[in-house]
Structures are given as C-alpha cells and as structure tokens.
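Since we're looking at a predicted model, the values are computed, not measured.
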Amino acid sequence: MQTLDAGVGQKGARKGVGPLIAPLSDLQRPLRQQIFERVRAAGMIPRVQVAKELGVSPASVTTITSELIDSGLIEEVMTARDSDSGRGRPAVALGVRRDAHRVAGMKISDREHTAVIVDFAGNLIADDAIPRRPGPMTLNDLLLAMETLLDRVCAKAALSRADLSAIGVGVPGFVDSLDGIVLWSSILNDRNVPLASVASRRLGLPVWIDNDANLVALAELWFGAGRTLSDFAVVTIEHGVGMGFVLNHRLYRGSQRLGMELGHIKVQLDGALCRCGQRGCLEAYVADYALAREATTALNWGHKDAPPIGVLLESLYDHAKAGNATARSIFRRAGRYLAVGLSNVINLFDPALIILSGERMRYDYLYASETLAEMDNLAINTGRPRPPIEIHAWGDLLWAHGAAALALSSVSEMLLAANREIAAQ
Ligand SMILES: [Zn+2]
C-alpha cells in the first residue's frame with residue numbers, strides 16, 4: 001500500500017519530496033539570463049537597481065554584467081542624474097545593445113502576410129505586408145511567400161538576410177512550437193509539416209514558429225497591456241478563434257504545446273460543422289466563415305456568385321447597421337456564443353484581464369453590451385467583479401511583433417546558454 005512517508009525510502013535511502021524541476025527549466029533560469037531580461041524589460045536600469053530587484057548582491061551583478069558587456073549583449077548608457085543629486089556627472093545605467101542582433105517576425109494568415117524587423121532591444125526597424133488570396137496553399141508556395149516577404153522587409157530596413165539572427169513565424173492552426181511542426185493549419189494543404197526546419201533551410205536562418213494567437217499574447221506581454229500583468233488571456237477572433245494565455249508572466253503552452261484551442265471548445269453537442277472536422281466548436285459560430293455561412297443562407301446570397309468573405313462580411317455589417325433584422329440576428333447569435341466562450345475562460349482561469357484582439361474587432365455587434373451581459377450571466381457568481389475586457393484592434397503588425405518577440409527571446413536564450421557553457425569551462 002502506498003504510504004505518505006515518501007521522503008524516506010527503504011533501508012534509509014532518501015527519495016525526496018516536492019516538485020522535481022529540471023535544472024534549467026523556466027522556473028530556474030540562470031542568474032545571467034534573469035539579469036539580461038531585467039535590463040531588457042527596464043530599457044535603462046542602474047546596476048544597483050538590478051541587484052535590488054533580483055535580491056542578489058551588487059558584486060554578483062557587477063561580475064555578470066561585465067561578462068554581458070564583454071560579449072556585446074548589453075552596454076552602459078548615460079542617463080541624466082536626478083536633479084537633487086546632480087553633480088555635473090551623468091549616472092551610468094545598463095541597456096541592451098540595440099545593434100547586437102536583429103530579428104524578423106512574420107505573420108502568415110489567410111488574407112495577408114505581414115513582417116517586421118526589430119533590433120535586439122525590440123525597436124521597430126521596418127515593416128511590410130503582402131496581400132494574398134484566402135485558402136490553403138502548398139508548402140512550396142508558403143516558403144516562396146515567406147522568402148519574398150523577408151527580402152522585401154530586409155530591403156526596406158537596408159539590411160541583408162545575413163544581418164538577421166533569427167526569424168519568428170506565426171501560423172494559424174495547431175502548432176507545436178518546440179518541435180517546429182504545424183500539425184494542422186487552414187493555410188496549408190498538408191498536415192504535420194516541419195515548417196521551422198524546412199523554412200530555416202530555405203531562408204538560411206534559424207526559424208521559430210508558433211500559433212498566431214500565442215504570438216498575439218506574446219506581443220501584449222512584451223509590448224502592450226500585458227507587461228505588468230502576471231495572468232491574462234488574449235482571445236483572437238478573425239478567420240478562426242484563438243487564445244493565448246499568460247500564466248505567471250509566461251506563455252502557457254500545455255504539455256504537448258497545443259494548449260488553449262479556445263476556438264474548438266464545444267458549445268453545442270452535434271452543432272454546426274467546424275473547419276477542424278468536428279461539430280459544435282465555438283469557432284463554427286463566431287469566426288468569419290461561420291458568419292459568412294449564415295449570411296449566404298439567411299440573406300439568400302447565392303454560393304456561386306458569393307463575394308470574397310471580407311466583402312460579404314462588410315455587407316452583412318452594413319445590413320445590420322441599416323436595421324436588417326436577419327443580419328442583426330446573425331451577429332447577435334454569434335455574440336451569445338462568444339459570451340459562452342469568454343465566460344468559460346473566466347470560470348477556468350480567473351484572469352486579471354481578457355483582451356479581445358483581431359481584425360474583426362470593428363464588428364461591434366459582437367462586442368455589444370448584450371454580449372457582455374450574457375457573459376456576466378454565465379460566469380460564476382463569486383460576488384467579486386469579473387475581469388475587465390479590453391478590445392485591441394491593433395492590426396496585423398501586432399501579430400508580427402509577437403513573432404519577433406519569439407525570435408528575440410529564442411536568440412537571447414541561446415546566447416545566454418552559450419555564455420553559460422563558456423563560463424563553465
Ligand atoms: Zn473545431
């Protein structure tokens with residue numbers, strides 16, 4: 001029988017208790033990485049402040065920051081002294097060396113591919129976008145599009161590919177970011193595509209990929225409203241419905257890196273058919289294609305001469321605004337299903353904030369007070385206020401910024417790991 005005294009094994013051998021955390025896991029990052037990340041987050045910060053915030057000795061901060069300066073990752077920057085202590089000499093702070101590395105971030109989507117190039121401190125250098133026709137494509141077409149976009153944005157930045165250290169890429173669908181595999185995506189014909197390695201060979205640079213909704217959450221965590229929050233959700237509503245969740249200031253990915261497929265939670269048994277092949281998914285009621293499907297049927301817009309989905313939705317929205325009852329009911333119904341999804345997020349995770357993000361944010365029928373009231377009814381009643389809901393219509397560049405953040409964090413982790421090995425020798 002299992003006993004509770006797991007700490008003491010047979011014959012005095014000690015098995016230990018408590019979580020067994022891998023030595024270099026996210027929870028136990030080396031001090032040099034913590035210091036670097038502190039400097040990057042602060043922008044400019046004196047050494048003594050780094051020591052204070054991390055609770056370590058100023059001497060160890062001085063040693064490690066000297067190494068980081070020697071390896072060209074951070075630099076000393078002069079700041080204006082506080083007026084009360086001004087003696088004519090500027091104070092010395094630390095900052096990330098902007099031109100140490102540059103990375104590209106790309107968003108691959110149904111309607112448009114977008115890209116940014118940022119420096120090592122996360123400042124935007126250039127951006128670009130190329131439109132595309134919706135629908136799945138071959139891997140070769142995708143690689144060609146990525147290559148074209150990369151060369152265009154490099155040209156805008158007056159850089160060559162060799163000036164970049166890595167590329168982050170956001171793709172809709174089920175993506176295993178660690179192994180770099182797209183298991184399924186609405187933009188690819190094939191399943192189980194090892195996109196990171198194939199793109200890396202084609203572009204001659206390290207490539208990291210992730211689910212696009214994760215990258216919007218990463219963008220909010222790095223550049224937006226999520227910088228100061230430990231736990232928040234980003235729900236993206238566009239061609240599909242996605243969610244990125246930040247737990248304790250880190251992106252939550254799940255054990256197989258496939259967590260948080262909000263679009264495929266079931267809101268109706270045997271309900272509407274979803275693109276994933278199952279029925280009753282939230283996405284099948286809320287996403288663009290779901291609204292378009294309803295519109296073509298209810299408003300008797302023939303399938304044959306149906307306009308592109310964007311035009312169709314604009315038209316549906318115009319009808320709703322003009323008072324067309326059927327058009328309004330389509331948005332209202334989608335809004336009610338969205339309320340079900342959002343209330344489930346609140347009930348499961350108790351986030352500090354829910355950010356709704358995506359190109360579709362302008363269809364404000366979906367986010368009407370009725371939707372929020374419905375959500376309040378469905379969220380558990382604790383007597384405490386529910387988390388605030390913010391609507392961020394930042395556009396596609398935000399997603400590309402998230403992809404750049406993925407590349408930046410991967411590059412810095414690799415470099416700091418390399419430093420660690422050198423230091424250990
Ligand atoms: Zn589904």
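Side chains of Pro172 and Ile187 form a contact here, defined as non-hydrogen atoms less than 4.5 Å apart. Looking only at side-chain heavy atoms (C-beta outward), Glu76 and Ile69 come within less than 4.5 Å of each other. Residues Arg250 and Leu218 fail the side-chain proximity criterion, which asks for heavy atoms closer than 4.5 Å. When side chains are defined from C-beta on, Leu291 counts as touching Ile330, because their heavy atoms get closer than 4.5 Å. Two residues are said to be in side-chain contact when any heavy atoms from C-beta on lie closer than 4.5 Å; Arg47 and Val92 meet this criterion. Between Leu94 and Met44 there is no side-chain heavy-atom pair separated by less than 4.5 Å.
Formation of a donor-acceptor pair under 3.5 Å by the Ser200 side chain with backbone atoms of Ser197 is not found in this model. Formation of a donor-acceptor pair under 3.5 Å by the Ser315 side chain with backbone atoms of Val311 is not found in this model. Using a distance-only test at 3.5 Å, with no hydrogens or angles considered, no donor-acceptor pair links the side chain of Glu112 to the main chain of Ile130. Checking side-chain atoms of Arg191 against main-chain N and O of Trp184 turns up no donor-acceptor pair under 3.5 Å. One N or O on the side chain of Thr236 and one on the backbone of Gly242 form a donor-acceptor pair closer than 3.5 Å. Listed for the Asp231 side chain is no donor-acceptor partner under 3.5 Å among the backbone atoms of Ala352. Distance alone, capped at 3.5 Å, is enough to place a donor-acceptor pair between the Arg132 side chain and the Asp110 backbone. A donor-acceptor distance shorter than 3.5 angstrom exists from the side chain of Arg152 to the backbone of Ala129, with no hydrogens or angles considered. In this structure, the side chain of Arg279 does not engage the main chain of Gln268 through any donor-acceptor pair within 3.5 Å. Panel note: side chain Asp179, backbone Ile181; no donor-acceptor pair is recorded below 3.5 Å.
Taking the six-membered ring where the residue is Trp, Phe120 and Phe36 present tilted rings, their angle falling between 30° and 60°. The aromatic rings of Tyr285 and Tyr337 sit parallel, their planes meeting at an angle under 30°, below the 60° perpendicular limit.
Applying side chain to side chain contact (heavy atoms under 4.5 Å, CB included) to Val169 and the options Val207, Leu142, Val175 leaves one that passes, Val207. Applying the side chain to side chain contact (heavy atoms under 4.5 Å, CB included) test between Ile117 and each of Leu164, Asn123, Asp128 identifies Leu164 as the sole match. Considering His264, Glu283, Lys266 in turn, Lys266 is the only one that fulfils the side-chain hydrogen bond (donor to acceptor under 3.5 Å, both in side chains) rule with Gln278.
Considering CG of Asp70 and OG1 of Thr65, their distance stands at 9.5 Å, rounded to 0.5 Å.
The closest side-chain donor-acceptor pair between Arg336 and Thr371, if any, does not fall under 3.5 angstrom. Looking at Ser412 and Arg40, their side chains do bring a donor and an acceptor atom within 3.5 Å of each other.
Using a 4.0 Å cut-off between charged nitrogen and carboxylate oxygen, Asp119 and Arg102 do not count as a salt-bridge pair. One finds a salt bridge joining Arg386 and Asp376 here, because a Lys/Arg side-chain nitrogen approaches an Asp/Glu carboxylate oxygen to under 4.0 Å. Salt bridge Glu413/Arg29: absent, no basic N to carboxylate O contact under 4.0 Å.
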**Message:** side chain to side chain contact (heavy atoms under 4.5 Å, CB included), that's the test. Do Leu397 and Lys107 meet it? Break it down for me.
**Reply:** CA-CA 8 Å; Leu397 274 186; Lys107 178 199 174 186; over 6 Å; no
**Request:** Test Arg161 against Glu147 for salt bridge (charged side-chain N to carboxylate O under 4.0 Å, His left out), laying out the working first.
**Result:** CA-CA 10 Å; Arg161 280 192 213 176; Glu147 198 165 28; 3.2 Å; yes
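Every pair tested for salt bridge (Lys or Arg N to Asp or Glu O under 4.0 Å) that includes a residue from residues 349-358 fails, sequence neighbours excluded, so the list is empty.
The side-chain hydrogen bond (donor to acceptor under 3.5 Å, both in side chains) check on Ser60 picks up Ser57, with sequence neighbours excluded. For Asp210, the side-chain hydrogen bond (donor to acceptor under 3.5 Å, both in side chains) partners are Asn214, Arg253, not counting sequence neighbours. Remark: Glu53 engages Arg38, Gln49 in a side-chain hydrogen bond (donor to acceptor under 3.5 Å, both in side chains) (not counting sequence neighbours). Asp190 meets the salt bridge (Lys or Arg N to Asp or Glu O under 4.0 Å) test with no other residue; sequence neighbours excluded. Applying the ring pair (Phe, Tyr, Trp, His ring centres under 6.0 Å) rule to Tyr252 yields no partners; only residues at least two apart in sequence or on another chain are considered.
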